[in-house]
Peer 1: 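I'd like to ask you about the structure that follows.
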Amino acid sequence: MAIALVMALVAGWTTTTTTAQAATDDSLAKVQKKGTLVMGTSPDYPPYEFQATVHGKSQVVGMDVAVGKKIAKDMGVKLVVKSMSFDSLLVALQTGKVDMVISGMNPTPARRKNVDFTHTYYQGGYSIVINKNDKGIYKDKNSFVGKTIGAQTGSTMYNESKKQTTGTTVKGMTSVSDLILGLQSHKLQGVAMEKPSAQAYVANNKELAMIPSKFDLSASDTSASVAFAKGSTALVTAANKSVDQIRKQNLVNKDYLPAAGKYLKTNTVNTSMLHYWKAFLKGIEYTLIITVCSVFFGFILGVLLSLARMAKGGVFATALRWLATAYVEFIRGTPMMVQVMFVYFGLGLIVNLPALTSGIIAISLNSGAYIAEYIRGGINSVDKGQTEAARSLGMTSGYTLRYVVLPQAIKNIWPSLGNEFITLIKDSSIVSIIGVSELIFQSNIVRSDTYRGVAPIAVIMVLYFIMTFTASRILNHFERKMQHD
């Protein structure tokens, strides 16, 4: 739903700019001038793209990354890989967050209406992954009547599973690792995915098996191409030269897939959670950065909004009060996920903000609306006699608010502010949808690396509890101090 809303917001902009782009296409010149080619991908789909440790550092590898490097090298620029959820990739392309998308994406007619595709660099097929114990029960897509099949949201397999199955429930999830977890926990009976990815999961997990899908698919449904923004003719033409070489020299089968297989084997040598402590530590770091910054800026915004909502006087005060009220009601009435995506993708039409910055801005704007109501309630809870006494002593209204009213208001609302801080630690997980490496994002990487579904989730549950419990104890300490003052 959030993706559809953002797509609708940018659709008009995309349509009006397509004609102008076609007339004067400088897409390749822009990429060569900046010296980088930004590739958007969803690194949870081995062997196409996934995370692996290379020379002591975790980075995105796989067949698609090799294709991207080939294209960038031929253009004379450096490849930059930007990770995000699969169903956010085309929005990121249309809003200029990435220059191209390589993520096992099929060049379907529906997608061609919104983006331009290169020639096909890989022709594959689809399979269904099941639990090994169910191998005698399910034979193909027609065996799941009354059962549930999962597929990645926004993928060809999700759409085709809904079209070509009868009496079967089709469940979409953004991450393949989530789908595999759903399969192993028996929430799903099968997961439809591309054959190379199915083979990778089955080869690295003895509890899984693979069966043919027998979907009726066209060549475009089973092929993979590189996507560029609509009207990027120069980029597509340049990329096609690389893609044609890849096909002619059979580089995917000769070099790219075997190299991906080696990384997959390396990933499964040590699948203990302790081995991935750096990934979890990075997730904690980003989670705390987002939370602390959002609380700080949200508090400042909350104070300003609360004062604006309580403004008294003439026309200006009335307008200020109306605007602040409208802002608070609008923010509290829309999902935070939509707000995060609007800031990242929507504002991306005007200014290219990094994912982390966008996440902090969106959560700060959201937090400010709630904190404003806490502060307004706290100010109203201060006895009016306090204000009258301060004014009778000659204090200005500003000094009275700063030194008399606000300190008492904050003391009264401290538990609510503390609860907001605790909530933001958990709500920061929403920014994983735009590729910020917080705990949820990192856990998905670990799950894709290790093919273990439950263990990474158990680890981040404990880590979230440690962070929230520690924060709660610290906040309670200051609350007791304020009560004794």
Side-chain angles (χ1 to χ4, degrees), residues 42-52 61-65 86 103-104 106 122-144 147-152 155-158 160-161 165 168 170-215 217 221-222 224 252-253 256-272 444-457:
S42 178
D44 60 351
Y45 209 54
Y48 286 85
E49 50 273 327
F50 56 99
Q51 291 277 348
V61 298
M63 176 181 75
D64 284 348
V65 178
F86 184 83
S103 197
N106 310 122
Y122 181 73
Q123 191 74 43
Y126 288 94
S127 298
I128 298 176
V129 177
I130 60 173
N131 287 306
K132 196 170 186 178
N133 293 336
D134 296 336
K135 197 168 183 180
I137 301 175
Y138 305 111
K139 303 297 182 183
D140 54 42
K141 65 179 176 63
N142 299 317
S143 305
F144 294 87
K147 304 297 182 180
T148 303
I149 285 182
Q152 194 172 35
S155 68
T156 299
M157 267 293 76
Y158 176 76
E160 294 303 321
S161 294
T165 58
T168 301
V170 180
K171 187 175 182 62
M173 295 184 183
T174 58
S175 169
V176 176
S177 54
D178 287 337
L179 290 166
I180 295 298
L181 177 61
L183 176 66
Q184 291 183 294
S185 58
H186 303 286
K187 300 292 189 299
L188 306 172
Q189 282 69 56
V191 176
M193 64 176 74
E194 294 211 35
K195 189 174 181 179
S197 294
Q199 289 172 329
Y201 275 98
V202 171
N204 290 283
N205 191 323
K206 296 179 180 180
E207 297 178 359
L208 302 177
M210 183 177 73
I211 59 174
S213 64
K214 294 189 179 179
F215 280 98
L217 300 168
D221 291 327
T222 57
V252 169
N253 293 312
Y256 300 164
L257 281 176
K262 291 179 181 178
Y263 285 124
L264 286 170
K265 289 181 180 179
T266 302
N267 279 354
T268 54
V269 168
N270 187 345
T271 60
S272 69
N444 286 336
I445 288 174
V446 174
R447 288 159 64 194
S448 297
D449 282 1
T450 61
Y451 301 92
R452 297 180 64 185
V454 178
I457 292 178

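Quick note: residue numbers are just sequence positions, from 1.
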Peer 1: With a 4.5 Å limit on heavy-atom distance, are the side chains of Met173 and Ile180 in contact?
Peer 2: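 Not in contact.
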
Peer 1: Let me confirm one number: the NZ-CE distance from Lys132 to Met210, rounded to the nearest 0.5 Å.
Peer 2: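 If we round to the nearest 0.5 Å, Lys132:NZ and Met210:CE are 12.5 Å apart.
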
Peer 1: Could you tell me whether the side chains of Glu194 and Tyr48 share a donor-acceptor contact shorter than 3.5 Å?
Peer 2: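 Distance-only check passes for Glu194 and Tyr48.
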
Peer 1: Under 4.5 Å between any side-chain heavy atoms of Tyr201 and Pro46, yes or no?
Peer 2: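 They are in side-chain contact.
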
Peer 1: Between Val129 and Ala198, which heavy-atom pair has the shortest distance, and what is it?
Peer 2: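 Residues Val129 and Ala198, closest heavy atoms: CG2-CB, 3.6 Å.
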
Peer 1: For the atom pair CG (Leu183) and CG (Leu208), what is the distance rounded to the nearest 0.5 Å?
Peer 2: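 If I round to the nearest 0.5 Å, the distance is 6.0 Å.
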
Peer 1: Among Val191, Leu179, Thr148, whose side chain to side chain contact (heavy atoms under 4.5 Å, CB included) with Lys171 holds?
Peer 2: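 Result: among Val191, Leu179, Thr148, Thr148 is the only option passing the side chain to side chain contact (heavy atoms under 4.5 Å, CB included) with Lys171.
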
Peer 1: Taking all heavy atoms of Ser143 and all of Ile137, pick out the closest pair and write down the distance.
Peer 2: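 In this case the closest contact between Ser143 and Ile137 is CB-O, 4.2 Å.
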
Peer 1: Find the distance between OG (Ser127) and CZ (Phe215) and round it off to the nearest 0.5 Å.
Peer 2: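 Answer rounded to 0.5 Å: 10.5 Å.
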
Peer 1: Side chains of Phe50 and Asp44, heavy atoms from C-beta outward: is any pair under 4.5 Å?
Peer 2: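 No. Closest side-chain heavy atoms not under 4.5 Å.
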
Peer 1: Between CD of Gln152 and CE of Met157, what distance do you get to the nearest 0.5 Å?
Peer 2: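 It comes to 12.0 Å.
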
Peer 1: Testing the basics here: between Ser42 and Glu49, what is the closest heavy-atom pair and its distance to 0.1 Å?
Peer 2: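 Of all heavy-atom pairs spanning Ser42 and Glu49, the closest is O-CG, 3.2 Å.
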
Peer 1: About how many Å separate CD1 of Ile211 and CD1 of Ile130, when rounded to the nearest 0.5 Å?
Peer 2: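 Answer for the CD1-CD1 pair, Ile130 versus Ile211, is 4.5 Å.
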
Peer 1: Any side-chain heavy atom of Leu217 within less than 4.5 Å of one from Asn106?
Peer 2: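 When only atoms from C-beta onward are counted, Asn106 and Leu217 do not touch, as no gap falls below 4.5 Å.
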
Peer 1: I'd like to check Thr168 versus Lys141 (side-chain heavy atoms, cut-off strictly below 4.5 Å). Are they in contact?
Peer 2: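 Counting from C-beta outward, Thr168 and Lys141 never come under 4.5 Å.
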
Peer 1: Once you round to the nearest 0.5 Å, how far does CD of Glu160 lie from OG1 of Thr222?
Peer 2: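 Answer for the CD-OG1 pair, Glu160 versus Thr222, is 10.5 Å.
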
